[in-house]
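Read the structure below first, then the notes.
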2 protein chains.
Amino acid sequence: MRIGELSERTGTPRRLLRYYEEQGLLVASRAPNGYRDYSEGCVNRVLQIRGLLDSGLPTRIIKQILPCINDPRAIHVSDATPETIATLENERQRMTDRIECLLRSREAISGYLDAVRRESAVAA
Amino acid sequence: MRIGELSERTGTPRRLLRYYEEQGLLVASRAPNGYRDYSEGCVNRVLQIRGLLDSGLPTRIIKQILPCINDPRAIHVSDATPETIATLENERQRMTDRIECLLRSREAISGYLDAVRRESAVAA
DNA sequence: TCAAACCCTCACATAGGTGTGAATGTCAAG
DNA sequence: CTTGACATTCACACCTATGTGAGGGTTTGA
């Protein structure tokens, strides 16, 4: 598919799809006329990228994480340097921290919203 | 406590503590000489701020979320405009999305790391 | 054939969080 | 009294993700 379709299906500006490619997060083959040609799997890939970006991860890290997600069972362990492993372990820990922080905050918000609802129920 | 101590105890540059105050995330009283004077609770507050920032939330949103967390049971429902409520509900959903994205990715990383470990165990 | 819609690259601009340093004031210790 | 550590404000600079538009080529349909 071309960039316009991918853009629509993922709700992502074309500008960013090109940017993600430039950052090495996304690959697209080229049609004879130079147009980008995306595979079907790119849709989920882009959604994953956006989710991680929105969760505070920089593209540099996402680039290292994506192979773990993307390669379905076809894991190339060989090209995993100890350095990459260390990065991944470190990043997993940071994700855990983020998750816990978000869970706590979400709980707090929920508690607050419940209280508000109770109050407005009383007022009504 | 003064800014230096808070900085050390939270691992946060002074510059940022001042920035958080400027953004309305953090309040500090002032000593007669003009120095900021932080309460004990600021330590956790700063850690929470940093966690949320690292999870992709902008200060503008954190500012609205903090009262839910900070005010221990003393919830001022009265000053919660419908607009704020809507923001909070929306933001809670976004947090849920983030959490799910992070959980998925963490699972994937774990799976990958496990595979690597199995492989290196075989090679050994 | 012409217009509209799509694609390309290039490049400057913006916003938010953060780094860094200047110029200055305060305070404790030698 | 002076030095050094710590505080203040102000301001410029940076990085990264994103907005926006110029200038130009390609495809599609009237």
Side-chain angles (χ1 to χ4, degrees), chain A residues 1-39 42 45-66 87 91 94 97-98 101-102 105, chain B residues 1-39 42 45-66 87 91 94 97-98 101-102 105:
Chain A
M1 90 195 70
R2 285 181 302 177
I3 201 171
E5 184 181 344
L6 184 60
S7 170
E8 262 196 39
R9 287 176 61 186
T10 61
T12 306
R14 289 146 228 252
R15 169 73 174 88
L16 291 185
L17 295 176
R18 299 192 183 106
Y19 175 67
Y20 299 153
E21 178 175 337
E22 184 187 307
Q23 299 303 308
L25 305 184
L26 202 55
V27 271
S29 53
R30 296 291 183 134
N33 56 12
Y35 289 10
R36 287 172 180 79
D37 185 31
Y38 295 97
S39 73
C42 287
R45 196 174 171 97
V46 168
L47 293 177
Q48 190 79 17
I49 291 171
R50 305 224 88 202
L52 290 174
L53 274 176
D54 188 57
S55 300
L57 284 82
T59 55
R60 175 178 44 83
I61 296 297
I62 295 176
K63 189 174 169 181
Q64 296 194 274
I65 289 175
L66 278 182
T87 302
E91 215 51 40
R94 294 198 56 193
D97 295 343
R98 276 186 263 250
C101 183
L102 288 170
S105 299
Chain B
M1 91 195 68
R2 285 180 302 176
I3 200 172
E5 185 182 342
L6 184 60
S7 169
E8 263 196 38
R9 288 175 63 185
T10 61
T12 307
R14 289 146 225 253
R15 168 73 174 87
L16 291 186
L17 296 176
R18 299 193 182 103
Y19 175 67
Y20 299 154
E21 178 175 335
E22 184 186 308
Q23 299 303 307
L25 305 185
L26 202 55
V27 272
S29 53
R30 295 294 182 132
N33 55 14
Y35 290 8
R36 286 172 180 79
D37 185 31
Y38 296 98
S39 73
C42 286
R45 196 173 171 100
V46 168
L47 293 177
Q48 189 78 18
I49 291 170
R50 304 223 89 203
L52 290 174
L53 275 174
D54 188 57
S55 300
L57 284 82
T59 56
R60 177 178 43 83
I61 296 296
I62 296 176
K63 189 173 168 182
Q64 297 194 275
I65 289 174
L66 278 181
T87 302
E91 215 51 41
R94 295 197 56 193
D97 295 344
R98 276 187 263 251
C101 182
L102 288 170
S105 299

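All figures in this text were calculated on a predicted structure; none of them were measured in a lab. Residue numbers begin at 1 in each chain, while the letters A, B, ... track the order of the sequences. Because only heavy atoms are used, hydrogens play no part in the values below, and waters and symmetry mates are left out as well, while side chains stay in.
- The distance between atom NZ of B:Lys63 and atom C1' of C:dG16, rounded to the nearest whole Å, is 15 Å.
- Here A:Arg15 does not reach the OP1 or OP2 of C:dA13: none of its side-chain N or O atoms lies under 4.0 Å away.
- Comparing C:dG19, D:dA7, C:dT18 by their nearest atom to the side chain of B:Tyr20 picks out C:dT18.
- Looking at heavy-atom distances under 4.0 Å, A:Arg50 makes contact with sugar-phosphate atoms alone, never a base.
- The backbone N or O of A:Leu6 lies less than 3.5 Å from a partner atom in the side chain of A:Thr10, making a donor-acceptor pair.
- In terms of phosphate contacts, A:Thr59 brings no side-chain nitrogen or oxygen within less than 4.0 Å of OP1 or OP2 of D:dT16.
- Between B:Tyr35 atom OH and C:dC27 atom C1' the separation is 6 Å, expressed in whole Å.
- Following rounding to the nearest Å, B:Gln23 (CD) and C:dT18 (C1') show an atom-to-atom distance of 12 Å.
- Residue-to-nucleotide proximity on DNA chain C shows that, of A:Ile3 and B:Leu57, the 5′-proximal contact is made by A:Ile3.
- For the pair B:Met1 CE and D:dC6 C1', the interatomic distance rounds to 16 Å; values are reported in whole Å.
- Both B:Arg36 and A:Asn33 lie near DNA chain D, and the one whose nearest nucleotide falls closer to the 5' end is B:Arg36.
- Counting distance only, with no hydrogens placed and no angle test, the side-chain atoms of A:Tyr19 and the base atoms of D:dG19 include no donor-acceptor pair under 3.5 Å.
- One atom, CG of A:Asp37, and another, C1' of D:dT27, lie 15 Å apart when rounded to the nearest Å.
- Between the P atom of D:dC6 and the CG atom of B:Leu6 lies a distance of 15 Å, rounded to the nearest Å.
- Both B:Arg2 and B:Leu16 lie close to DNA chain C; mapped to their nearest nucleotides by heavy-atom distance, the more 5′-ward contact belongs to B:Leu16.
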- Message: Assess the residue pair A:Arg98 and A:Leu57 against the criterion (side chain to side chain contact (heavy atoms under 4.5 Å, CB included)); give the C-alpha distance rounded to whole Å, side-chain angles, the decisive distance to 0.1 Å, and a yes or no.
- Response: CA-CA 10 Å; A:Arg98 276 186 263 250; A:Leu57 284 82; 3.7 Å; yes
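- Comparing D:dT18, C:dG17, D:dA17 by their closest approach to the side chain of A:Pro58 singles out D:dA17.
- Considering only side-chain atoms of A:Arg18, the nucleotide from C:dC7, D:dG19, D:dA7 that sits closest is C:dC7.
- We find that CG of A:Leu17 is positioned 13 Å from C1' of D:dA17, with the value rounded to whole Å.
- Under the 3.5 Å distance criterion, the side-chain polar atoms of B:Asp37 are matched with a main-chain donor or acceptor of B:Met1.
- The 12-atom threshold is not exceeded at CD of B:Glu8, counting heavy atoms of other residues, nucleotides or ligands nearer than 6.0 Å.
- Put simply, the side chain of A:Ser55 gets close to the backbone of A:Gly51: a donor and an acceptor are under 3.5 Å apart.
- A:Leu53 has its CG atom 10 Å from the C1' atom of D:dT16, to the nearest Å.
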